[in-house]
2 protein chains.
Amino acid sequence: MPYKITIADIARELNTTPATVSRALSNHPGISDKTKKSVHEAASQLNYKRNRMASSLRSGKTHLIGVIIPSAEINFFGSVVHGIESVANLHGYNVLLYQSNENREYEEKGLESFLSARVDGILVSIAKDTIDYSHFREIKKRGVPIVFFDRTNDDIGIDSVVIDDYKGAFLATEHLLSKGYKRIAHISGPQHLKNFYDRLRGYMGALQANKIKVEPSLIYHGNISIESGREGVHHFWALPDPPDAIFATEDFTALGAISELKERKIKIPGEVGVIGFANELFGKHITPSLSTVDQQTIQMGKSALNLLVDLIEKKEINRQRQQKIVLEPLLIGRDSSEKAAKIK
Amino acid sequence: MPYKITIADIARELNTTPATVSRALSNHPGISDKTKKSVHEAASQLNYKRNRMASSLRSGKTHLIGVIIPSAEINFFGSVVHGIESVANLHGYNVLLYQSNENREYEEKGLESFLSARVDGILVSIAKDTIDYSHFREIKKRGVPIVFFDRTNDDIGIDSVVIDDYKGAFLATEHLLSKGYKRIAHISGPQHLKNFYDRLRGYMGALQANKIKVEPSLIYHGNISIESGREGVHHFWALPDPPDAIFATEDFTALGAISELKERKIKIPGEVGVIGFANELFGKHITPSLSTVDQQTIQMGKSALNLLVDLIEKKEINRQRQQKIVLEPLLIGRDSSEKAAKIK
DNA sequence: TTGAAAGCGCTAACAT
DNA sequence: ATGTTAGCGCTTTCAA
């Protein structure tokens, strides 16, 4: 008997009708203050809780936002979800969370589940394994408001919130140059994800802007993991002329690279400078502390949710063209990228 | 027009009735395979998605689990949520996430919101600021299935999943002793939270079991933060006879202590041994790597969800007495607690 | 300012 | 094995 009380009960109690009670509870204009007051009193006295299933069914609004992230275990996404959730509550929305585990099949299941739950809108950060985007096209076609964040794709005409990955990578690379490093290598991530593609381009852009030739052998293609970082170092130090700095496409990759370099007794910084991307929590506390690029996670969550709410609340407008919010990356200089040894 | 298709449409298409379609879609026994097949075909052909609002309203089951965590930004909770969510999906439940931000007011709002959404069950890790538990009593009274995880309270008769904090603390303290440390200090957390209370007791228990007197001056009361760790060191090293090891009530506190000790040029390990609690991601990668106690986060999430599902699915049974699942803590020995210097 | 009545889409009891 | 009917609890015309 947890949820027995309905508006009908309140109506009976006050000798009025469900319609009046409903209106009073949602502060409908044409209801006398006296009635409103007595209804609210009776409601809280009877411990009434509006049944959102019934309400949604009738009104067509669920006040539910579906959020798909690759994994709640990854700090970055937890942090973005934190941002999303805090603003969602302010707008009266609840967050339905779904993890894709970087897997396109689960991702699609999440979307199905959201459709079935009739969420008012969807927020997605695309799974690593997703290369075919038809499930998102389907959502788009159905007209369900959807916004990508961080892991996005521009080809489907879906709005998105990202940071400027190109610029972040550009800044990171120039930072290494400014510290006196000359041969800068890059360990990249999956190129079908725009972020990592853009970071690679930003890296190349910075080199070119400084009249340095891009050497393909100094680019190692990893897959966003500690292992990739280690493998990158493996690869680079098998070259006749290894690099003197590494820009890793995200912090875990940088961490792997640092561990491997340390095992090889290569001095960081000095002999080799390292910078990552993401500003994960651990970076500040490892030795050497990791220079990185901050992605403004909380702000990203907030912006994504605000954009989605705009879509939900004034659907017809803004439908002309794809919106894209680009946040500024923040360079965080720490020890791992300190000055290159003057030798050479 | 995103969601126009209903079972009535399918029924019309196939010259049958909504009831048959409904039954066919949920694989009701008494429906011919032929009908089932044609219904399923028509459904997927028309792109039908079951309306869960309607279904829930009628059946009384929402297949929604409400989860309240202090913050998605904290890795530990992200990880538990990961565990919860993965099993929830297997059971056909969706997770509604709410963050309390360690604040009792938000916590209560989350519960209200869950009641209104008619969730089938609730999972909560209690906020740091919560000292009055009446809102949970209210949930209990309403008969809504609820399970605490990690941050729990035993006085309300609510089932819970925790790790054995006492034992974990006991193990951590004995570990330091076994490495040759003699004067072991403890930086604790908020004592109204059972975890931190138990860890303090475990620390004292281990000392007593080894015939070592507990010195109140070697216990510093912190509040689960990097700052607390620093303050603890401040406090201890103002004593005439500082400790030679620190057991911190969680990893961030340990991290603060280590940073402060490093700044004071005190050697870890050797001069001072340090161990934390939680097995946060960064511990493996800081220098020295942090010894700690693993809390089996994923398992905790899974167990909590399984326990909740049990409550939901066979309510009357098990209602006699409070259930409590206690997971085993896992000691993780790393560098920060290596052997004490033999000097002295 | 309020009431009466219909219906959102689905499921389940009761037929047949 | 399938159809008929009622109704979950709410919101929303339309009418008074």
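Keep in mind that this is a model prediction, so the values were computed, not measured. Convention: sequence-line order gives letters A, B, ...; per-chain numbering from 1.
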Checklist entry - Are Ser79(B) and Thr297(B) close enough that a side-chain donor and a side-chain acceptor fall under 3.5 Å? => result yes

Checklist entry - Is the number of heavy atoms from other residues, nucleotides or ligands within 6.0 Å of OH (Tyr48(A)) greater than 12? => result yes

Item to check | Short side-chain N/O contact to dT11(D) OP1/OP2 from Arg50(A), under 4.0 Å | outcome: yes

Checklist entry - Any Lys/Arg nitrogen of Arg104(A) or Glu107(A) sitting under 4.0 Å from an Asp/Glu carboxylate oxygen of the other? => result no

Item to check | Separation of atom CD1 in Ile10(A) from atom P in dT11(D), rounded to whole Å | outcome: 11 Å

Item to check | Integer-rounded Å distance: dA12(C) P and Leu57(B) CG | outcome: 12 Å

Checklist entry - At under 4.0 Å between heavy atoms, what does Thr35(B) touch on the DNA or RNA strands: base, sugar-phosphate, or nothing? => result sugar-phosphate

Item to check | Which nucleotide in dG9(D), dT11(D), dC10(C) has an atom nearest any side-chain atom of Arg58(A) | outcome: dT11(D)

Next on the checklist: Measure NE2/His28(A) against P/dC14(D) and give the value in whole Å, please.
Outcome noted: 14 Å

Next on the checklist: Counting only side-chain nitrogens and oxygens, does Ser55(B) get under 4.0 Å of the OP1 or OP2 atom of dT11(C)?
Outcome noted: yes

Item to check | Separation of dA12(C) C1' from Lys61(B) NZ (nearest whole Å) | outcome: 17 Å

Checklist entry - Under 3.5 Å, is there a donor-acceptor pair between the Thr17(B) and Thr20(B) side chains? => result yes

Next on the checklist: Can you pull out the residues from residues 15-25 of chain B that lie within a 4.0 Å heavy-atom distance of DNA chain D?
Outcome noted: Thr16(B), Thr17(B), Ala19(B), Thr20(B), Arg23(B)

Item to check | Value in whole Å for how far the C1' atom of dC10(C) lies from NE2 of His63(B) | outcome: 13 Å

Next on the checklist: For Asn51(B), is there any backbone N or O sitting under 3.5 Å from a side-chain donor or acceptor partner on Ser55(B)?
Outcome noted: no

Checklist entry - Within a radius of less than 6.0 Å around CD of Glu13(B), do more than 12 heavy atoms belonging to other residues, nucleotides or ligands occur? => result no

Checklist entry - Whole-Å distance between dT11(C) P and Asn51(B) CG? => result 9 Å

